[in-house]
Amino acid sequence: MNVYDNISVVLKLLKKDKHEIEKRVRELLELIGLDYNTYHKSFPSQLSGGEAQRVGVARALAANPKILLMDEPFAAIDPLKRKELQSEFLKIQKTIGITVIFVTHDISEAIKLGDKIALMNNGNIVLFGTPEEIIKNMNKDFSKKFLGKEVFIDILDRIKISQILYQKEVISNFSIYEEETLKSALSFMIEKGISSVGIKDKDETILGSITIKNILTILSSDEVIKNEK
């Protein structure tokens, strides 16, 4: 089936007339950022991974559901493509603004994508809360083993440099954009063998600096607050 047929399949099952179907397909393609004339006759093999992901979401949204269930949608995808699709999913989710229940065994994925996480064992919820709450309350052997030590680094992937109060003085010859995450900043400093990095905006203006020490204390320090700018 081509893109049009994929998106309209549920609408056809609901016996919608062809004019209503075409109108809805056009609306959904616009919503997910794909041009109707360019894409509606395309087949899955002609789409990029991100485009196919968007079409899948459009199909799921066709009948205006209140909740969208995604059951391990990226499980069989290679790591590089998986990261690309995760970022694509976040953009789509912000656009559609509905509740998404995302099932995954990958804790890094859960932390990156989830506003709230439910950790389950044998059908029972053993932990529930925001990613930050999950990390601070993993007090059982199962949760500690499942989440692993890397979870403390993964949480940094949720926080952009622009969201924290960083140092205003410039103490590094290297720089990174303020819309990058703290995890990206930490990785960059480790790669370059430096302990601090400058922060710049999209116009390349240097705004200040952030250090490895700043990042490693971000979750426990009461002095680090959200930057309201």
Atom of [X], atom of [Y] and distance for their closest heavy-atom approach:
X: Glu20; Y: Asp17; result: N-OD1, 2.8 Å
X: Lys18; Y: Tyr4; result: O-OH, 4.2 Å
X: Asp157; Y: Lys112; result: OD2-CD, 3.8 Å
X: Val197; Y: Phe174; result: CG2-O, 3.6 Å
X: Ser8; Y: Ile21; result: CB-CG2, 3.4 Å

Could you check whether any side-chain N or O of [X] sits under 3.5 Å from a backbone N or O of [Y], counting only pairs where one atom can act as donor and the other as acceptor?
X: Thr38; Y: Leu34; value: no
X: Glu191; Y: Phe188; value: no
X: Thr130; Y: Glu133; value: yes
X: Ser209; Y: Glu169; value: yes
X: Glu109; Y: Asp106; value: no
X: Ser184; Y: Glu180; value: no
X: Thr205; Y: Asp201; value: no

By side chain to side chain contact (heavy atoms under 4.5 Å, CB included) - contacts of Phe43 (at least two apart): Asn2, Ser45, Gln46

Sequence-distant partners of Phe128, side chain to side chain contact (heavy atoms under 4.5 Å, CB included), two or more places apart: Lys116, Ala118, Ile125

So, taking the atom named [atom1] in [X] and the one named [atom2] in [Y], what distance separates them when rounded to the nearest 0.5 Å?
X: Ile155; Y: Ser108; atom1: CD1; atom2: OG; result: 10.5 Å
X: Ile176; Y: Ile210; atom1: CD1; atom2: CD1; result: 9.0 Å
X: Glu178; Y: Lys202; atom1: CD; atom2: NZ; result: 9.5 Å
X: Glu27; Y: Ile7; atom1: CD; atom2: CD1; result: 11.5 Å
X: Thr211; Y: Met189; atom1: OG1; atom2: CE; result: 6.5 Å
X: Leu182; Y: Leu186; atom1: CG; atom2: CG; result: 8.5 Å

Side-chain donor-acceptor pair present, Tyr177, Glu204, cut-off under 3.5 Å: yes

Ser162 side chain to Glu179 side chain, donor-acceptor N/O pair below 3.5 angstrom: yes

Would you give me the side-chain donor-acceptor pairs under 3.5 Å for residues 57-69, sequence neighbours excluded?
unit_1: Arg59; atom_1: NH1; unit_2: Asn6; atom_2: OD1; d: 2.7
unit_1: Asn64; atom_1: OD1; unit_2: Arg24; atom_2: NH2; d: 2.8

Could you state whether [X] and [Y] fall into the same hydrophobic cluster, counting links through intermediate Ile, Leu, Val, Met, Phe, Trp or Tyr residues with side-chain heavy atoms under 4.5 angstrom apart?
X: Val10; Y: Val100; answer: no
X: Leu28; Y: Leu14; answer: no
X: Leu31; Y: Ile98; answer: yes
X: Val55; Y: Met1; answer: no
X: Leu47; Y: Val9; answer: no

NZ/Lys200: more than 12 non-hydrogen atoms of other groups inside 6.0 Å: yes

Heavy atoms of other groups near Asn173 CG, more than 12 under 6.0 Å: no

Note, Leu113 side chain near Gln86 side chain (heavy atom, < 4.5 Å): yes

Where at least one partner belongs to residues 30-56, residue pairs that pass salt bridge (Lys or Arg N to Asp or Glu O under 4.0 Å), sequence neighbours excluded: Arg54-Glu88

Listed once per pair and sorted, the side chain to side chain donor-acceptor pair (under 3.5 Å) pairs that draw on residues 118-128, sequence neighbours left out: none

Listed once per pair and sorted, the ring pair (Phe, Tyr, Trp, His ring centres under 6.0 Å) pairs that draw on residues 92-113, sequence neighbours left out: Phe74-Phe102, Phe89-Phe102

